[in-house]
Q: 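Provided herewith is a single structure, encoded as structure tokens, for subsequent inquiry.
Everything numeric here is computed off the predicted structure, so don't read it as measured data. Lettering of chains follows the sequences in order, A, B, ..., and the numbering in each one begins at 1. Only heavy atoms go into these numbers, but all of them, side chains included; no hydrogens, no water, no symmetry mates.
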Protein chains: 2
Amino acid sequence: MPYDPSAFPPFAVTVDLVVLTVRRHALCALAVRRGEPPFQGRWALPGGFVRGDEDLETAAARELAEETGLLAHDPAGPVAPNAAHLEQLATYGDPGRDPRMRVVSVAHLALAPDLPAPRPGGDARSVSWVPVEELLHPAGYGRDGDVRAPLAFDHARILADGVERARSKIEYSSLATAFCPQEFTVGELRRVYEAVWGVALDPRNFHRKVTGTPGFLVPTGGTTTRQGGRPAQLFRAGGATLLNPPMLRPEA
Amino acid sequence: MPYDPSAFPPFAVTVDLVVLTVRRHALCALAVRRGEPPFQGRWALPGGFVRGDEDLETAAARELAEETGLLAHDPAGPVAPNAAHLEQLATYGDPGRDPRMRVVSVAHLALAPDLPAPRPGGDARSVSWVPVEELLHPAGYGRDGDVRAPLAFDHARILADGVERARSKIEYSSLATAFCPQEFTVGELRRVYEAVWGVALDPRNFHRKVTGTPGFLVPTGGTTTRQGGRPAQLFRAGGATLLNPPMLRPEA
DNA sequence: GCAATAGTGTCTTTGAGACAGTATTAT
DNA sequence: ATAATACTGTCTCAAAGACACTATTGC
């Protein structure tokens, strides 16, 4: 096929972000309330245009920083205190997904520790952490006047894909630690797994398994009693990225 | 951010294809020889522009049919004789990846049974099955006058990502059967795993494991002796898409 | 004392991997 | 007969899951 610049249809390219965290035992996603049509007043995923001289990952990291103040975690660099995991998720480009124009969106998945509160970026949109269940199945929820409407555009599908990616990736990688602060206990890590998978895990088997997987956790020496009960050892994430043996998600 | 159609930079959007098959005990990918600059004379992955009214998966299926005559396999529909597995792989959009213009490419991964020979599409480019080792590490190969040059553009990285996706997906899904004809033996399926992973597997343990995983294989009743030796049972792919227990890739 | 969380030990079952041995074809 | 491939059985070890038990805090 000859390359004729006028022969290809023009596209807009955006990045959309599925930013997940665990708050109060629930898996939550960052959502923005739309202030204008289409889908005015509905929740949407944060995102924006890719600039002309910017690669996709840089655009995603820029949007993430603008929305949350989080830095994308560079696996080669030092561990920043406000670092989040960031990876490409999938690309969505159905012709009718945005009624205004042809937009191809490269969705990214970010996993962040629990943050005090999302601080709005330069613009004045309302940005919040919303439980994933509430965004994906809005009919069953909606106390205190929340808008019980599905996500704008095809963002429900994008969020569902991101959640499923997170659920499967914490099985065989150490990514669950991306939801934890820099130092955390085994119990806190277990509550991350329980919130993301939506199951209850046996604390005793979990403890034995997670401390026995080489490279997953490194004890820092400190202890904490912030969960109540007997003081728990503090750990930080070890160097391993792939877990062997993996953590297995209960079936049923 | 207000939506001003003139405010976003224009992109071209293409689909590139990583089409894999197993031929003569080697994992091979479909490659086209470039007939014009840039990268004239080098191997590249097949691909083309996404049309203005076409979604991404349709564009990938169209390119696949144009290059190989294969139909993308619809999981809900009937099993066509010339069906291939097709899924989105990842998106590549670095500003400099194509020296002519800003191109974002949505790569797709296709897995196909061994075909007689690739038939060129409407245009006259040379299309061949090339062992992935030869494409990814061209220095060590290159008998009979082959061009020992790396793939054009960033296609080596795309191919490597596709190969790694295939290697990991046949662990926990029944996708390895996409490399086999409609009816196949346990030995033929084992040779697929051996070629994709580049390892030797114990035929006895493999047989026991693969026939014991529920929903993976369904006996057709027939037998064949096309591999020599004792006649082997013929199977077709069962309904299961996720394997439980999974096939484990040897480590070391 | 009680409640709560942390951590260890022990038993059973499942499955992975090594490998002996039998079955059925082509030559 | 020999070689080649297909298939079955048996053993050992690793790990998952169930669950009894002990440890250390706050109240």
Q: Please report the shortest heavy-atom distance between A/Ala166 and A/Leu111, naming the atom on each side.
A: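 Smallest heavy-atom distance, with atoms named: CB-CD2, 4.3 Å.
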Q: Give every residue pair that meets the salt bridge (Lys or Arg N to Asp or Glu O under 4.0 Å) criterion with at least one member in residues 216-238 of chain B, sequence neighbours excluded.
A: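 Matches after skipping sequence neighbours: B/Glu188-B/Arg226.
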Q: Run the side chain to side chain donor-acceptor pair (under 3.5 Å) check on A/Asn244 and A/Tyr172 step by step: do they pass?
A: CA-CA 7 Å; A/Asn244 200 341; A/Tyr172 55 88; over 6 Å; no
Q: Quick check on DNA chain D: between A/Asn244 and B/Gly228, whose nearest nucleotide comes earlier from the 5' end?
A: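 Looking at DNA chain D, the more 5' nearest nucleotide goes with B/Gly228.
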Q: Tell me whether A/His155 contacts the main-chain N or O of A/Leu45 through its side chain, where contact means a donor paired with an acceptor under 3.5 Å.
A: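 Yes; judged by distance alone, with no hydrogens or angles, the pair exists.
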Q: If you take any heavy atom closer than 4.0 Å to DNA chain D, which residues from residues 234-241 of chain A end up in contact?
A: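 By residue number: none to list.
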Q: What residues in residues 200-223 of chain B put a non-hydrogen atom under 4.0 Å from any atom of DNA chain D?
A: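 Here the set is B/Arg204, B/His207, B/Arg208.
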Q: Using only atom types and a distance under 3.5 Å, with no angle test, would you say the side chain of B/His137 pairs donor to acceptor with the backbone of B/Leu135?
A: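 Not confirmed, B/His137 side chain does not pair with B/Leu135 backbone.
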Q: Between the main-chain N or O of B/Leu234 and the side-chain N or O of B/Thr220, is there a donor-acceptor pair closer than 3.5 Å?
A: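 Confirmed, B/Thr220 side chain pairs with B/Leu234 backbone.
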Q: Give a yes or no answer on whether the side chain of A/Ser168 reaches the backbone of A/Arg165 with a donor-acceptor pair at less than 3.5 Å.
A: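 Yes, A/Ser168 side chain to A/Arg165 backbone: donor-acceptor pair under 3.5 Å.
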Q: Among A/Arg157, A/Arg249, A/Lys169, which residue satisfies the salt bridge (Lys or Arg N to Asp or Glu O under 4.0 Å) criterion with A/Glu164?
A: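 When salt bridge (Lys or Arg N to Asp or Glu O under 4.0 Å) is applied between A/Glu164 and each of A/Arg157, A/Arg249, A/Lys169, only A/Arg249 qualifies.
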Q: Using a heavy-atom cut-off of 4.0 Å to chain B, what are the terminal contacting nucleotides of DNA chain C, in 5' to 3' order?
A: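 Counting from the 5' end, contacts occupy C/dA16 to C/dT25.
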Q: With DNA chain C as reference, determine whether B/Arg249 or B/Gly229 sits nearer its 5' end, using the nearest nucleotide of each.
A: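 With B/Arg249 and B/Gly229 compared, the 5'-side residue is B/Arg249.
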Q: With a non-hydrogen cut-off below 4.0 angstrom, is B/Arg226 in contact with a base, only sugar-phosphate, or nothing?
A: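 The answer is nothing, as B/Arg226 stays clear of every strand by at least 4.0 Å.
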Q: When you measure from the centre of the six-membered ring of A/Trp197, is the NZ or CZ of A/Arg167 closer than 6.0 Å and no more than 45° off the axis?
A: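 Verdict for A/Trp197: no cation-pi partner in A/Arg167.
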Q: Taking any atom closer than 4.0 angstrom to a non-hydrogen atom of chain B, what span of DNA chain D does the protein reach, first nucleotide to last?
A: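 Extent of the interface on DNA chain D: D/dA4 to D/dT10.
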Q: So, does B/Tyr193 use its side chain to make a donor-acceptor pair with the main chain of B/Phe206 at under 3.5 Å?
A: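 Checking the backbone N and O of B/Phe206 against the side chain of B/Tyr193, no donor-acceptor pair under 3.5 Å is found.
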Q: A/Ala240 and A/Pro214: which non-hydrogen atoms are nearest, and at how many Å?
A: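 In this case the closest contact between A/Ala240 and A/Pro214 is CB-O, 3.9 Å.
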Q: Tell me if a side-chain donor or acceptor on B/Thr213 pairs with a main-chain N or O of B/Leu243 at a distance below 3.5 Å.
A: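 Looks like no, no N/O pair under 3.5 Å.
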Q: Of all residues at least two apart in sequence or in a different chain, which pass the side-chain hydrogen bond (donor to acceptor under 3.5 Å, both in side chains) check with A/Ser105?
A: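 Applying side-chain hydrogen bond (donor to acceptor under 3.5 Å, both in side chains) to A/Ser105 gives A/Thr14, A/Asp16.
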